[in-house]
Amino acid sequence: MRGVAAAPGVAVGPVKWLASAPVTSPDDAPGSDVDAEISLAETAFETVAARYSALALDATGPAADILFMTSALAADPALLDQVRAGIRAGGLTAHAVTEAVAHFAEQLNALGGMMAERASDLRDVGQRVVAELLGVDPPGIPDSAVPFVLAAQDLAPADTATLNPEIVVGLLTVAGGPTSHTAILAKALGIPAVVACPGAVAIAEDTEVVLDGTGGAVEIAPTAERRAEVEALRARQADAPTGPGRTADGHAVPLLANVGSAADAQLAVELGAEGVGLFRTEFLFLDRKSSPTVDEQTAQYTEIFRIMGERPVTVRTLDAGSDKPLPFLNLPEEENPALGVRGLRLSSVDEGALLDQLSAIEAAAKATGTPVKVMAPMVATVEEANYFATRAREAGLETRGVMVEIPAAAIRAGQLGAEVDFFSIGTNDLSQHLFGADRMSSSLAALHNPWQPALAATIAFVVDGASTHDVKVGVCGESASNPDFACVLVGLGVETLSMAPRSIAGVRAALAEVTLEQCRAAAAAVLAARTAEDAVVAARRALGRAS
Ligand code: PEP
Ligand code: MG
């Protein structure tokens, strides 16, 4: 069975499906004693609130915040009052919970924005309380002491954020795409994942599978020999090489990390990243209602630069808008935000935000001595590249680059190269715009498959354009984290690869097994392939991998 590879590594284990939500009906048998029913409901809410708090204590970062807030929702007196009123009015306990939750969720939805997002947390609370009352498994991650592959239609970020990688050894979703949040979080946790696998619906609970998060294949009911082979591969991956990225014949390929917080930077250092190739600054400010001041920004950047020390850090200026809205920018509503005023284009409506950010980056670089480069997202034209490079130089920043994620920029790489010092290819948005395929759409996941030969052809074009200047080319989209595709990128002439910190080990190991010549042959094979499927087969053959 094939899906789309979303987080590298291989897993073997029984499939367990994400439990679905229990259903209540007004026709369920009524309880006889109203007071006893109310006290059952109260106990169920308390139990569920306590479970969320316990999970929150075990979690860190955004997952902990989300879980604490959800615990508070489960303890909300107004919600319980509504449930009590429903039971007194002759309603049945579990169904009274469903109705009270639906009532409040509707109100939250009507408020829109962040409030509407709380509605789905509230529904999760309701489903867990109902499951408690009915004595059935709660929806969500099944309880199991035995490691398993978690299968689901799709996963909410809150589900993925609380996963324990020792128990959930693989993720398999029917929907989702390789650049979805599930994929990004799975990589951050180091859990192999295959997404957009419609055939998965036919896999019965507890069926043994081998899941290849690097190639996208799912094998049903492996033989004992195959199982042993996969276990051996997992052990080999666990003892993979360390140190700087290089091919077997010594061609250096710096392996850099994509980070969005100090915690990511810490992890990057622990996992041997040679620097940061993409610092997504907007992640620091997603919940801000007012613009962060220059001093606040300087403090945040300083913290991350200090963690990286002497390792180089490439900071991307705010890539706000579209899938990363920043409330304080007060952006107008747009029909097609992915094609709208976002990334560097925001400086046409609020240049001050860019200038403040550049001065904060410069101040933090000076305070720490960390070698800092800056780059702008969503650059389409030579004028935009020139504008950014000029503003960055005026702010005192010497090494300036642009992301290549719009086909126009790729086609004119030879001209853009005269304006900047480096290119960083963002293959997530580049695929989105190259194939005209929304990166958030799971039904278009096949077009976001990095093995699509048109993507490699576009990258080759960028490398060629850069070579007429002394412009370095890196890749920082999700495609760089696919170990075999990373070798293809090297063969295409890409000099640095930047990825989620947990993907670095797999890419380092893959590079260490092949020569630069093999990488070049794999790149040529992909460029010559007719389809994405042919490309992966031909490249793996050129790299000397088993079929
Ligand atoms: C990209 O588009 O490939 C990229 C790295 O940026 P982001 O995923 O943050 O849009
Ligand atoms: Mg992008």
Side-chain angles (χ1 to χ4, degrees), residues 4 6-7 157 176-188 255-261 264 268 273 275-286 313-326 336-346 373-380 384 388 401-410 422-441 444-445 447-450 452 454-456 458-459 462 473-482 485-486 489 494 496-501 503-504 507:
V4 173
T179 57
S180 64
H181 285 120
T182 298
I184 291 171
L185 285 167
K187 274 185 207 144
L255 299 177
L256 311 173
N258 292 352
V259 307
S261 64
D264 289 348
V276 165
L278 169 63
F279 172 9
R280 290 183 162 108
T281 51
E282 61 282 353
F283 281 17
L284 294 173
F285 306 118
L286 284 178
V313 176
T314 301
V315 185
R316 177 173 75 183
T317 53
L318 289 182
D319 187 19
S322 186
D323 55 328
K324 307 165 198 123
L326 289 185
N336 292 303
L339 305 178
V341 181
R342 52 172 294 205
L344 182 67
R345 299 166 182 186
L346 286 165
K373 309 174 195 184
V374 276
M375 66 180 179
M378 293 299 289
V379 168
E384 288 171 353
F388 178 75
V402 289
M403 289 197 66
V404 177
E405 47 187 352
I406 297 180
F422 67 94
F423 290 149
S424 182
I425 306 179
T427 49
N428 306 336
D429 275 308
L430 184 57
S431 293
Q432 161 160 271
H433 300 299
L434 189 60
F435 294 96
D438 185 346
R439 65 191 271 191
M440 314 294 279
S441 161
L444 300 176
L447 293 172
H448 280 272
N449 184 343
Q452 284 290 352
L455 180 66
T458 311
I459 294 169
V462 177
V473 182
V475 169
C476 65
E478 298 303 312
S479 67
S481 65
N482 178 314
F485 196 73
L489 291 172
V494 168
T496 57
L497 301 171
S498 192
M499 64 204 80
S503 299
I504 290 177
V507 171

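Every number for a ligand or one of its atoms is a count from 1 in the order of the listing. Quantities reported herein were computed from a predicted structural model and do not represent experimental measurements.
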(request) Check side-chain hydrogen bond (donor to acceptor under 3.5 Å, both in side chains) between Thr427 and all other residues, then give those that pass, not counting sequence neighbours. (result) Ser479
(message) Please tell me whether Gln452 and Asn449 have a donor and an acceptor in their side chains that are separated by less than 3.5 angstrom.
(response) no
(message) If I compare all heavy atoms of Ala273 with all of Ile504, which pair ends up nearest, and what's the gap?
(response) CB-CD1, 3.6 Å
(request) Identify whether the distance between the nearest side-chain nitrogen and carboxylate oxygen of Arg280 and Asp264 falls below 4.0 Å. (result) no
(request) Could you check Thr496, Thr314, Val402 and say which one makes a side chain to side chain contact (heavy atoms under 4.5 Å, CB included) with Phe422? (result) Thr314
(message) I want to check something: taking the side chain as every heavy atom from C-beta on, are Val315 and Met375 in contact at a cut-off of under 4.5 Å?
(response) no
(request) Pull up every protein N/O/S atom sitting under 2.8 Å from the Mg ion (ligand 2), skipping waters. (result) Glu405 OE1, Asp429 OD2
(request) Measure the shortest side-chain to side-chain distance between Leu346 and Val341 over non-hydrogen atoms and say whether it is less than 4.5 angstrom. (result) yes
(message) Tell me every residue that passes side chain to side chain contact (heavy atoms under 4.5 Å, CB included) with Ser431, counting only those two or more places apart in sequence or in another chain.
(response) Phe435, His448, Leu455
(request) For ligand 1, would you mind listing the residues that have at least one heavy atom less than 4.0 Å away, ordered by chain and number? (result) Leu278, Arg280, Arg316, Asp319, Lys324, Met403, Glu405, Gly426, Thr427, Asn428, Asp429, Arg439, Cys476, Gly477
(request) Decide yes or no for Pro337 and Arg342: does some side-chain heavy atom of the first lie under 4.5 Å from some side-chain heavy atom of the second? (result) no
